[in-house]
There are 4 protein chains.
Amino acid sequence: MDEKCGVVGVSLDDRAAAQPIYYALYALQHRGQESAGIVTHDGFQQHSHVEMGLVGDAFSEDDIAELNGPNGIGHVRYPTAGSVDSSCAQPFSVSFKSGSLGLSHNGNLVNASALRDELAGLGHAFTSDGDTEVIAHDLARNLLDDDLVAAVERTMGKIHGSYSLAVMHDDRVLGLRDPQGNRPLCLGELEDGYVLASESAAIDALDGELIRDVKPGELVVLEPDGAGYESHRLVEPDHTARCFFEHVYFARPDSTIDGELVYEARRELGRQLWAESGIDTDVVMPVPDSGRAFASGYAEAANEGDGSVEFAEGLMKNRYVGRTFIMPTQDERERAVRLKLNPIKSTVEGKTVTLIDDSIVRGTTSTQLVELLRDTGAAEVHLRIGSPAIVAPCYMGIDMASREELLAADRSTEEVRETIGADSLAYISHEAIADALDTPREDLCMGCVTGEYPYDIAGEATDREVSRPTIDGNRASAGD
Amino acid sequence: MDEKCGVVGVSLDDRAAAQPIYYALYALQHRGQESAGIVTHDGFQQHSHVEMGLVGDAFSEDDIAELNGPNGIGHVRYPTAGSVDSSCAQPFSVSFKSGSLGLSHNGNLVNASALRDELAGLGHAFTSDGDTEVIAHDLARNLLDDDLVAAVERTMGKIHGSYSLAVMHDDRVLGLRDPQGNRPLCLGELEDGYVLASESAAIDALDGELIRDVKPGELVVLEPDGAGYESHRLVEPDHTARCFFEHVYFARPDSTIDGELVYEARRELGRQLWAESGIDTDVVMPVPDSGRAFASGYAEAANEGDGSVEFAEGLMKNRYVGRTFIMPTQDERERAVRLKLNPIKSTVEGKTVTLIDDSIVRGTTSTQLVELLRDTGAAEVHLRIGSPAIVAPCYMGIDMASREELLAADRSTEEVRETIGADSLAYISHEAIADALDTPREDLCMGCVTGEYPYDIAGEATDREVSRPTIDGNRASAGD
Amino acid sequence: MDEKCGVVGVSLDDRAAAQPIYYALYALQHRGQESAGIVTHDGFQQHSHVEMGLVGDAFSEDDIAELNGPNGIGHVRYPTAGSVDSSCAQPFSVSFKSGSLGLSHNGNLVNASALRDELAGLGHAFTSDGDTEVIAHDLARNLLDDDLVAAVERTMGKIHGSYSLAVMHDDRVLGLRDPQGNRPLCLGELEDGYVLASESAAIDALDGELIRDVKPGELVVLEPDGAGYESHRLVEPDHTARCFFEHVYFARPDSTIDGELVYEARRELGRQLWAESGIDTDVVMPVPDSGRAFASGYAEAANEGDGSVEFAEGLMKNRYVGRTFIMPTQDERERAVRLKLNPIKSTVEGKTVTLIDDSIVRGTTSTQLVELLRDTGAAEVHLRIGSPAIVAPCYMGIDMASREELLAADRSTEEVRETIGADSLAYISHEAIADALDTPREDLCMGCVTGEYPYDIAGEATDREVSRPTIDGNRASAGD
Amino acid sequence: MDEKCGVVGVSLDDRAAAQPIYYALYALQHRGQESAGIVTHDGFQQHSHVEMGLVGDAFSEDDIAELNGPNGIGHVRYPTAGSVDSSCAQPFSVSFKSGSLGLSHNGNLVNASALRDELAGLGHAFTSDGDTEVIAHDLARNLLDDDLVAAVERTMGKIHGSYSLAVMHDDRVLGLRDPQGNRPLCLGELEDGYVLASESAAIDALDGELIRDVKPGELVVLEPDGAGYESHRLVEPDHTARCFFEHVYFARPDSTIDGELVYEARRELGRQLWAESGIDTDVVMPVPDSGRAFASGYAEAANEGDGSVEFAEGLMKNRYVGRTFIMPTQDERERAVRLKLNPIKSTVEGKTVTLIDDSIVRGTTSTQLVELLRDTGAAEVHLRIGSPAIVAPCYMGIDMASREELLAADRSTEEVRETIGADSLAYISHEAIADALDTPREDLCMGCVTGEYPYDIAGEATDREVSRPTIDGNRASAGD
């Protein structure tokens with residue numbers, strides 16, 4: 001499972017925006033490692049640098065120096081299947097009759113291909129097959145007749161799906177969040193300007209202060225040169241469809257999303273996991289680093305009762321994992337897990353163990369880890385998971401896996417346990433998620449764990465009554 | 001002075017077009033070293049690979065293998081000043097309502113910005129500032145209503161300037177040459193298909209046979225899978241404006257352009273140069289390799305009379321010139337010429353020398369060479385040039401130099417001679433050019449040597465009465 | 001402070017040694033990132049591939065495939081100051097009268113330059129200025145007359161200092177540990193052979209079993225083709241001088257060194273840190289990841305009493321730290337710490353905090369973190385350190401810092417606290433180290449925390465009475 | 001057939017030697033493309049930078065800037081078969097008792113392995129298997145007892161074979177040429193110092209003046225800082241064994257070797273080729289660029305008589321040949337020749353043609369060219385070659401081909417003609433070579449065209465009576 005895309009927008013008083021954007025993208029690197037890009041505007045013209053690879057590899061000091069201007073946007077991208085090429089790297093920029101546009105997009109439209117056809121019928125030609133170019137063309141077209149806010153409102157009326165956008169129209173930076181607030185977007189204040197970012201950790205990286213999240217359906221316009229910002233609530237939805245998975249999996253623990261600090265949400269889920277399915281074992285250990293916050297809450301809750309569960313590291317991560325590396329061949333694959341995670345004998349051997357992780361997608365890693373712990377001499381291995389069972393794909397911009405690959409898609413918890421080889425297995429409940437996020441269940445998108453979506457997706461059940469556009473479940477348009 | 005852009009189009013019966021295109025581009029590498037690209041179509045979808053750098057560096061074997069399909073086009077590009085970036089690398093591809101388009105362009109439109117404004121007014125948004133995207137959008141728009149030939153004809157009616165285009169509409173490859181035939185384009189037959197190319201040497205590289213040049217104003221449509229080709233003479237002009245500089249400077253000596261073998265044209269010019277301004281010296285030597293063919297004709301003509309001029313190499317070229325190299329600093333620049341060209345003492349020392357080259361643009365090299373020959377002991381150095389004095393810039397797609405940089409722009413031949421330091425200097429006459437190319441003077445574009453252009457260019461004199469579109473001489477639209 | 005060098009030696013029955021060595025080096029990557037190398041022997045000849053950079057970047061699949069033979073050694077290197085160049089990359093290989101030698105060295109000789117002079121007097125010429133070439137030449141010379149074991153014994157009698165060596169003599173792989181056992185070296189069994197490695201985690205990465213540590217003064221000879229191994233205890237010292245810093249700082253937590261699992265030693269030090277200087281605060285947090293094991297033990301000990309200290313993450317590490325990255329300029333340096341470590345508000349704001357780390361060298365990071373926690377609203381920040389104050393440089397192969405750069409070199413603990421800005425500061429005691437490592441104080445090298453060394457180093461105090469060679473404290477010979 | 005190695009040595013008054021050496025190596029690039037290196041000495045220490053690849057790729061501006069000191073040597077290398085690795089890249093440098101040595105070597109020792117064994121017996125260990133390290137060790141050993149000149153003399157007394165060496169002992173640059181003068185080496189004067197180089201074209205590149213060739217058996221010592229030079233004629237041989245192939249093939253046409261300008265020697269050979277085997281055809285054309293000088297002399301001689309042979313280019317070389325390029329697969333190989341050389345129809349079609357080249361080694365190219373010319377419509381194709389038939393391998397440092405690969409090794413001229421498919425074929429005579437080089441036959445090494453060598457090579461015939469060392473003809477020691 002891979003998270004997808006981070007966006008940034010910055011407007012400053014009297015210094016170049018490129019370097020702060022660079023650092024903000026570095027703070028959002030976990031949201032996309034395929035490409036990185038920055039577009040700035042110096043009042044006269046746009047400057048753009050987009051390249052494949054990590055932020056640190058995509059930009060040289062010279063590249064940053066040439067990105068003139070105090071206003072700009074940035075993007076890190078994780079590819080959707082089948083479009084791993086440079087033509088979809090962002091920000092996407094175009095020039096049109098009345099100026100230039102740059103767009104950074106996180107999310108996935110459900111009606112992109114209909115909209116694309118409509119624009120093609122008007123003579124538009126497209127250089128990529130991404131959603132972002134469709135939004136750009138529609139917005140450019142609207143800007144022929146309308147002022148900026150009206151044009152955005154018209155475009156917002158047409159595009160359906162999940163989107164958090166950082167847009168640059170000439171030297172004006174905008175932030176736009178879809179009416180369901182599916183993807184996160186927040187607003188921060190810097191010493192000398194303002195910043196929009198997918199996660200608040202990017203604001204922290206600039207020594208800024210988080211002002212608040214951009215509201216579902218809200219357009220925030222940063223005045224050029226850091227002078228201030230205007231808010232336009234273009235749509236006020238009855239319900240939102242916030243992605244709970246951002247909190248459980250994607251976002252950095254130190255980010256605050258829609259008012260909730262991710263680290264605390266995970267610790268709270270850990271505590272509820274103990275409450276729901278706690279089991280007394282000699283030791284509680286996280287899968288590093290994904291299970292750490294959950295395990296910390298779980299162990300704390302255990303010990304707050306009469307328990308004396310030991311919280312310890314049982315698996316040590318090679319800190320160079322993720323670097324270039326010749327993969328072992330298929331028949332050596334088993335060993336590969338020990339190149340990444342090596343058991344610590346003293347905390348495992350002869351002990352009953354509870355292993356905590358955030359999620360199970362394909363189940364491959366979980367299976368390997370359980371086997372590894374048993375090989376190391378664990379007496380029992382119990383698995384506790386900080387999210388519900390993932391039973392269905394995501395159509396909202398997250399490239400999880402196809403339904404066939406999801407281990408829990410057509411297996412009961414008992415069957416999953418058996419496959420993985422654990423002594424026991426428990427997921428967190430759906431209710432616990434809503435509680436931990438302090439958000440009504442009906443304001444969350446939990447499609448991947450319920451199979452019911454806040455949009456009418458052909459072939460999938462609908463989560464609620466609200467009427468929404470239809471899309472083809474087999475081929476959602478390419479997202480970003 | 002740098003040549004600009006080579007185009008290729010290939011349609012084959014039953015093998016991938018990518019590798020032949022690759023070799024054809026390699027044969028056209030002298031026409032552009034900034035970027036190289038190939039777009040193919042496999043009947044279902046387009047494949048594209050465009051990268052900065054030389055052909056050999058831009059494509060790996062894997063890249064070639066992934067460019068599926070028996071039909072495709074290619075491009076090598078030399079940048080115009082100010083647009084040395086990847087967004088203008090070609091072929092340019094777009095998808096639109098009824099399919100996909102790929103374009104490879106050699107030339108320069110004179111009305112690109114007007115046409116761009118017109119399209120922008122209809123809502124079009126552009127990702128680059130090149131001519132090619134404008135042509136692509138216009139053609140895509142016309143294809144909404146018209147069939148292919150009619151659409152091309154409508155676009156041809158709108159775009160003005162010089163262009164030789166290899167176009168791919170879905171799996172159909174087209175060749176299109178502007179009504180003045182300013183840039184070359186020829187058609188060849190392969191064992192299993194057809195090929196369009198800027199120069200016939202690219203056809204030779206594929207072991208093909210040159211059929212003929214594409215005619216000014218002609219559209220050639222290659223039937224998919226190498227089945228044949230159709231010709232549509234969309235415009236039949238009274239006069240052409242063929243660039244004589246292709247013959248004198250740009251093209252490979254082994255290419256045949258508009259019926260004339262370049263090598264023979266240059267030898268003939270060498271002969272006429274002797275006839276017009278021959279001077280008896282001990283030795284005649286070419287500037288390698290540019291002056292070689294001219295010098296060969298010159299010496300031959302000299303010896304056909306009573307002369308006994310010795311034809312010899314006097315300057316030896318370092319065959320690694322053109323590779324990566326740390327340039328000497330400004331004050332060592334003088335020596336730099338000897339790193340590239342080193343005199344051969346035995347043919348220079350104590351002798352009277354005639355040095356033959358194809359052209360003088362800025363005059364820097366000529367000046368250095370004359371000085372170098374004198375330092376080596378030449379008794380006299382006479383310079384004979386195979387083209388007329390270049391007095392004005394090119395607006396038709398060749399990035400020569402600005403008027404201020406042209407040595408002959410505001411200097412008499414005597415003044416140029418004095419600057420260069422030669423004992424005598426003579427250019428070939430305008431008439432000799434027309435004779436050697438066996439083409440009426442009024443069918444040639446000789447703007448750069450007359451200052452009179454076959455188009456109304458603001459601030460420049462017009463060559464003939466024919467009414468043509470006006471452009472701003474200071475800022476011709478970006479060419480390719 | 002940077003750790004230095006990892007060594008590996010492998011002998012297998014019937015498969016190439018290169019890939020296992022590659023994975024073992026990957027597991028030892030934390031010991032050196034400057035260069036990586038593998039030398040193998042196929043029974044007929046040596047194969048060598050040594051390159052600058054990380055293991056994953058230094059070898060392609062082709063490189064590994066060309067390293068034939070079932071026996072081989074490997075090396076990862078961290079440079080000492082002043083010799084950051086490829087000539088010191090290892091393994092170092094030479095051929096000599098009776099065969100070939102390859103050497104991988106971790107440590108630092110104290111008499112290298114005397115030995116070098118001696119060999120030079122006999123006519124030896126050196127291609128590098130490293131210790132390793134000196135050892136290689138001496139060993140090669142001894143092998144002219146002696147058999148392998150006797151030759152090694154003679155060399156061991158000559159070289160003084162710290163060294164753990166993996167040596168290859170033709171197809172025979174040796175492991176050699178200096179008589180003081182300063183640097184670690186261990187022996188493991190694989191399914192089809194044997195392995196020598198700096199740390200047991202490298203054996204784990206190959207799914208092998210740790211047999212035992214190589215003893216101080218012991219030579220282990222792996223029989224070719226994984227058939228077995230022989231032990232030769234060449235020297236049996238009265239006392240060892242094992243580096244305690246390996247346990248506290250360098251080694252992976254999941255490695256066992258001289259019988260002690262590093263993770264448990266650190267947890268025990270954490271417990272003793274509580275016992276010695278525990279302070280009640282709202283929360284205990286590690287500096288990730290260096291302080292994690294210490295903090296876990298500390299918090300556990302705290303809670304075992306009456307305490308209810310919360311153990312929580314208070315600083316979140318950007319998981320891309322360590323990648324290529326444009327460093328902020330000097331005046332932005334302060335912010336740089338937040339790009340690497342970002343505070344988690346919920347566990348810091350308004351709270352009294354104990355921050356746990358493994359060591360303080362220059363103090364820069366500690367100072368920044370204390371300031372960062374205060375800026376985030378910490379009521380109090382107390383610092384507890386898992387090692388004693390570092391007051392003197394290391395001459396045994398670790399590139400810490402010069403004496404002037406060591407914050408504690410000439411400051412009392414109170415002065416260090418003041419500089420760092422913490423509310424309180426405590427180090428672990430010297431005694432606790434010996435206890436936690438279950439090793440007599442006199443068998444440890446604690447030069448960097450006592451200023452008294454187990455060698456006579458000019459200008460430094462001597463740790464014990466044992467007579468040892470003298471070296472110049474200002475210019476210890478280049479180590480590896 | 002590939003030429004091998006170029007050497008340079010420079011001593012200057014008051015500027016860094018690295019940049020002049022860099023330019024000199026660039027001028028000698030044709031002598032070796034595998035690696036490039038520079039070693040300088042600043043009076044205190046040596047600086048070295050050696051890298052694989054072309055000169056322009058091997059050095060950055062920073063690399064050059066770090067090579068301090070007014071004295072230095074350089075090397076470009078072409079690999080001998082089987083040792084294409086970086087350990088043999090040069091200059092080779094070592095430090096020893098009384099200083100440092102750097103060596104650049106062009107040639108091949110015939111007794112390297114005996115000498116190596118001798119040194120190994122004294123305890124020497126070697127890091128490469130090249131001749132150069134053997135010379136370096138021997139010289140270093142001699143320098144223990146002797147002064148510089150005596151030490152070089154002793155080494156010269158021991159090493160046998162061909163060698164031109166640029167040596168640096170501390171800050172003193174030496175040039176040494178073997179007593180037979182097999183490989184070229186010349187001495188030049190710069191404005192502010194002196195230069196030693198394999199060819200005079202490297203001196204020209206530095207705007208220097210050729211003083212003279214270093215004599216066979218002579219040691220030239222450049223005084224530090226460009227102050228002057230001393231000559232020591234260590235050996236005065238009765239006969240030399242100068243390589244005639246340098247003049248015919250290897251060297252740049254603009255170089256003067258042993259008093260003969262290479263270009264003129266080739267033209268003279270062309271004239272004699274006409275005299276010996278001239279044939280009247282419509283046109284005479286060179287294989288570019290290797291046959292150009294020969295063809296010029298041949299055509300001149302033809303026309304000086306009654307002839308009216310036309311001298312013309314018939315094959316056009318793609319000027320990007322030699323760059324990175326995906327090679328055609330085996331069955332497309334035939335076409336590959338047209339990617340490199342394309343016929344010019346006008347000078348070939350329907351004509352009788354004489355094609356001139358410098359040599360035939362394997363005959364592959366000649367065969368392809370003859371076929372190409374016939375395909376282009378040549379009525380007859382006659383081949384004239386500027387060197388005698390190559391019938392035997394070179395043991396003196398040139399990596400031609402093994403005997404089996406040499407087309408003429410076991411074929412008569414008529415058989416070679418038939419294989420190649422030419423209408424007639426003639427080589428130049430042995431006598432013409434001696435005449436053209438103005439050198440007695442017995443002072444030339446013509447082993448490759450006679451099979452008789454100026455050394456006793458096991459399995460090969462000896463050229464003359466002079467007693468010389470024996471080597472094993474199947475395995476001459478690795479050369480450089």
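Chain identifiers are assigned alphabetically (A, B, ...) following the order of the sequence lines, protein sequences preceding nucleic acid strands; residue numbering begins at 1 within each chain.
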Enquirer: Heavy-atom distances under 4.5 Å only: say whether S60(B) touches chain D with side chain, backbone, both or neither.
Expert: backbone

Enquirer: Measure distances from F311(D) to the heavy atoms of chain B and classify the residue's part below 4.5 Å as side chain, backbone, both or neither.
Expert: both

Enquirer: Looking only at heavy atoms, which two atoms of P343(D) and D254(B) are closest? And how far apart?
Expert: O-CB, 4.2 Å

Enquirer: Short question: side chain of D204(D), backbone of R338(B) - any donor-acceptor pair under 3.5 Å?
Expert: no

Enquirer: Relative to chain B, which segment of V55(D) carries a heavy atom at a distance below 4.5 Å: side chain, backbone, both, or neither?
Expert: neither

Enquirer: Can E310(D) and R267(B) be counted as an ion pair, charged N to O under 4.0 angstrom?
Expert: yes

Enquirer: What's the separation between atom CD in E300(B) and atom CG in N303(D), rounded to the nearest 0.5 Å?
Expert: 9.5 Å

Enquirer: Given a strict heavy-atom distance threshold of 4.5 Å, which part of I64(B) is in contact with chain D: side chain, backbone, both, or neither?
Expert: side chain

Enquirer: Around K351(B), counting heavy atoms of other residues, nucleotides and ligands shown, do more than 12 lie under 6.0 Å from its NZ?
Expert: yes

Enquirer: Atom OH of Y320(B) and atom CG of L25(D): how far apart are they, to the nearest 0.5 Å?
Expert: 13.0 Å

Enquirer: For V262(B), is it the side chain, the backbone, both, or neither that has a heavy atom closer than 4.5 Å to a heavy atom of chain D?
Expert: neither

Enquirer: Examine whether an atom of S255(D) lies under 4.5 Å from a heavy atom of chain B, and if so say whether it belongs to the side chain, the backbone or both; otherwise answer neither.
Expert: neither

Enquirer: Based on non-hydrogen pairs under 4.5 Å, which of K317(D), R292(D), R252(D), E61(D) is most in contact with chain B?
Expert: R292(D)

Enquirer: Under a 4.5 Å heavy-atom cutoff, which of P288(B), G56(B), A27(B) has the most pairs with chain D?
Expert: G56(B)

Enquirer: Heavy-atom pairs under 4.5 Å with chain D - which of A293(B), A202(B), P253(B), A201(B) has more of them than the others?
Expert: P253(B)

Enquirer: Got a second to check how far I344(B)'s CD1 is from E264(D)'s CD, nearest 0.5 Å?
Expert: 8.0 Å

Enquirer: Quick check on S296(D) against chain B: is it the side chain, the backbone, both or neither that has a heavy atom closer than 4.5 Å?
Expert: side chain

Enquirer: Using 0.5 Å steps for rounding, measure from the NZ atom of K345(D) to the OG atom of S200(B).
Expert: 8.5 Å

Enquirer: Can you say whether A312(B) sits under 4.5 Å from chain D via the side chain, the backbone, both, or neither, judging by heavy atoms?
Expert: both

Enquirer: Using atom types as modelled and distance alone, determine if a side-chain donor or acceptor of Y263(B) lies under 3.5 Å from a backbone N or O of E313(D).
Expert: yes

Enquirer: For the OH atom of Y22(D) and the CG atom of L339(B), what is their distance to the nearest 0.5 Å?
Expert: 9.5 Å

